[in-house]
Amino acid sequence: MTKPASTTGAGLRDVVAAPSSICFIDGEKGILSYSGYNIHDLAQHSTFEEVVFLLWNGRLPKRNELDAMNAELVANRALPPGIISMLKSFPKSAVPMDTLRTAVSALAFYDPERSDNSLDANRRRALSLTARFATLVAAIDRIRNGKEPLDPKPGLSHAANFLHMLNGKEPMDVEARAFDIALILHADHEFNASTFAARVTAGTLADMYAAITSAIGALSGPLHGGANEQVMRMLLGIGSPDKVDKFVNDKLEAGGKIMGIGHAVYRTEDPRATHLRKMSEEIGKRQGDTKWFDMSHRIEEIVVEEMNKKQKPIRANVDFYSASTYYMLGIPIDLFTPIFAVSRISGWTAHVLEQLGNNKLIRPRSEYTGEMDLKYVPIDQR
Ligand code: COA
């Protein structure tokens with residue numbers, strides 16, 4: 001039998017894998033909305049907590065509903081002491097994303113409803129995971145630096161409390177709001193690699209911890225959430241604005257990729273990058289040093305221009321300007337991707353809940369391109 005030629009597009013681009021009412025993207029027009037609300041409106045007017053409610057419930061909350069959910073988030077922020085002891089036992093050199101993945105998996109041990117995979121139990125789990133992710137990431141950083149983790153502060157928003165637990169001081173309002181907007185922008189993005197990984201795992205009826213652990217693994221890769229760290233390492237490696245042009249041109253000529261640029265779905269500006277670009281510039285101006293913004297902007301200009309010439313119109317994605325934004329907020333580089341997870345846990349859990357609400361095992365087929373009907377040859381005759 002002859003081998004069939006492969007007709008399957010690599011990477012499942014543009015394949016619609018399932019219906020979903022959580023997130024909409026129009027990659028041609030650069031539109032992103034959560035449950036019908038445009039990301040620009042949400043970034044301008046909403047809060048991360050309100051967006052979490054929206055993703056889980058498909059509608060914006062009334063005041064009393066938001067207050068009740070906030071109270072639950074605050075009540076669930078603390079980590080089980082066993083998790084703190086476990087974090088302390090890890091090597092100080094452990095990569096935070098690996099520590100997060102392992103700790104989230106271990107959270108399953110401390111779930112009093114462990115054997116209950118009902119939707120109600122999973123909604124409670126979604127809430128406690130979302131509340132705890134921020135505490136976990138801050139604790140991971142403090143413990144590896146030989147410090148005790150700080151208790152969450154009930155009066156602070158999710159964003160402000162995270163920065164407080166990380167830095168040991170309450171952030172300025174403007175910093176807390178910048179971080180809050182970054183959390184809103186990263187909260188969901190339909191069937192991206194990590195969300196799809198979470199849905200595939202949840203679809204087997206494995207528990208939510210297994211699904212979220214799968215998602216963290218997928219997010220850690222440099223082609224997905226790991227790109228923001230790589231962008232900052234690139235900026236630091238380039239060092240100064242006068243070296244940008246040569247670096248980028250050499251890289252593109254050698255066929256290399258510039259991290260934080262390009263997207264599997266957007267064919268125009270990633271609407272999240274619009275906000276992060278502005279944020280990066282504003283923080284730089286406020287701090288009296290726009291070097292990282294200026295370098296990023298120049299890199300973007302060159303890549304866009306060069307790739308346009310080659311008829312490959314690519315633009316900055318969400319990771320490009322989040323790198324300089326986080327760096328200027330004083331966040332360590334290897335926490336950039338865990339921070340992505342602090343936000344994306346809301347979207348992951350929303351998708352797991354949606355998957356479980358109408359579950360079907362996700363099991364695609366492959367297009368076989370290997371040999372057929374070969375005759376088995378005993379090992380000594382090969
Ligand atoms: N730098 C240079 N060239 C790039 C590029 C980048 N960051 N991203 C894409 N290209 C090139 C591709 O190599 C491709 O060229 P080819 O046709 O000669 O192979 C062309 O642009 C079109 O790529 P496209 O089909 O739009 O991208 P993709 O769907 O294959 O890949 C990404 C999407 C995100 C994986 C890719 O853009 C990338 O690796 N970006 C850097 C990593 C990153 O920022 N990831 C975070 C995503 S949110």
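When a ligand or atom number is given, it counts from 1 through the structure's own listing order. As the structure is a prediction and not an experimental result, all values here were calculated from the model. All residue numbers refer to positions in the sequence shown, counting from 1.
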Tell me, which protein residue and heavy-atom name are nearest [atom], and how many Å apart are they?
| atom | answer |
| --- | --- |
| atom 46 (C) of ligand 1 | Asp319 OD2, 3.3 Å |
| atom 10 (N) of ligand 1 | Ile314 CD1, 3.9 Å |
| atom 3 (N) of ligand 1 | Met307 CE, 3.5 Å |
| atom 31 (O) of ligand 1 | Arg13 NH2, 3.9 Å |
| atom 27 (O) of ligand 1 | His263 O, 4.4 Å |
| atom 39 (O) of ligand 1 | Lys257 NZ, 2.9 Å |
| atom 40 (N) of ligand 1 | Ile261 O, 2.9 Å |
| atom 14 (C) of ligand 1 | Lys312 CD, 4.3 Å |

Is there a protein heavy atom less than 4.0 Å away from [atom]?
| atom | result |
| --- | --- |
| atom 20 (C) of ligand 1 | yes |
| atom 23 (O) of ligand 1 | no |
| atom 16 (P) of ligand 1 | yes |

What atoms in ligand 1 come closer than 4.0 Å to a heavy atom of [X]?
| X | answer |
| --- | --- |
| Gly260 | 43 (C), 44 (O) |
| Ala227 | 43 (C), 44 (O), 45 (N), 46 (C) |
| Ala264 | 29 (O), 33 (C) |
| His224 | 46 (C) |
| Gly256 | 2 (C) |

Exercise. Would you say Gly226 contacts ligand 1, with heavy atoms under 4.0 Å as the rule?
Worked result: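 No, that is not the case, since the closest heavy atom of the residue is not under 4.0 Å from the ligand.
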
Exercise. Does ligand 1 have an atom that lies less than 4.0 angstrom from a heavy atom of Arg267?
Worked result: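 Distance cut 4.0 Å: Arg267 passes for ligand 1.
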
Problem set entry | Listed partners of Arg123 passing salt bridge (charged side-chain N to carboxylate O under 4.0 Å, His left out), at least two apart |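 Testing Arg123 for salt bridge (charged side-chain N to carboxylate O under 4.0 Å, His left out), a comparison that skips the adjacent residues, returns none.
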
Exercise. Side chain of Glu229, backbone of Gly226: donor and acceptor closer than 3.5 Å?
Worked result: no

For this session: Decide if the gap between the ring center of Phe191 and the ring center of His351 is smaller than 6.0 angstrom.
Result: yes

Exercise. Under 6.0 Å from the six-membered ring centre of Tyr376 and within 45° of its axis: does the NZ or CZ of Arg382 meet both?
Worked result: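 Judged by the rule, Arg382 and Tyr376 form a cation-pi pair.
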
For this session: With atom 45 (N) of ligand 1 as the reference point, say which of Leu223, Ile258, Val231, Val265 has the nearest heavy atom.
Result: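 It is Leu223 whose heavy atom sits nearest to atom 45 (N) of ligand 1.
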
Hydrogens and angles aside, do [X] and [Y] bring a side-chain donor and acceptor to less than 3.5 Å of each other?
| X | Y | value |
| --- | --- | --- |
| Ser20 | Glu354 | yes |
| Glu49 | Ser157 | no |
| Asp120 | Ser118 | no |
| Trp348 | Ser194 | yes |

For this session: Return the minimal non-hydrogen interatomic distance between Pro271 and Leu32, and the atom names on each side.
Result: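 Minimum heavy-atom separation between Pro271 and Leu32: CG-CB, 3.7 Å.
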
Problem set entry | Over 12 non-hydrogen atoms of neighbours within 6.0 angstrom of CG in Asp173 |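 Check fails, neighbour count at 12 or below.
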
Problem set entry | Lys/Arg-Asp/Glu bridge criterion (N-O < 4.0 Å) met for Glu281, Lys285 | yes

Problem set entry | salt_bridge(Asp270, Arg272) N-O dist < 4.0 Å | yes

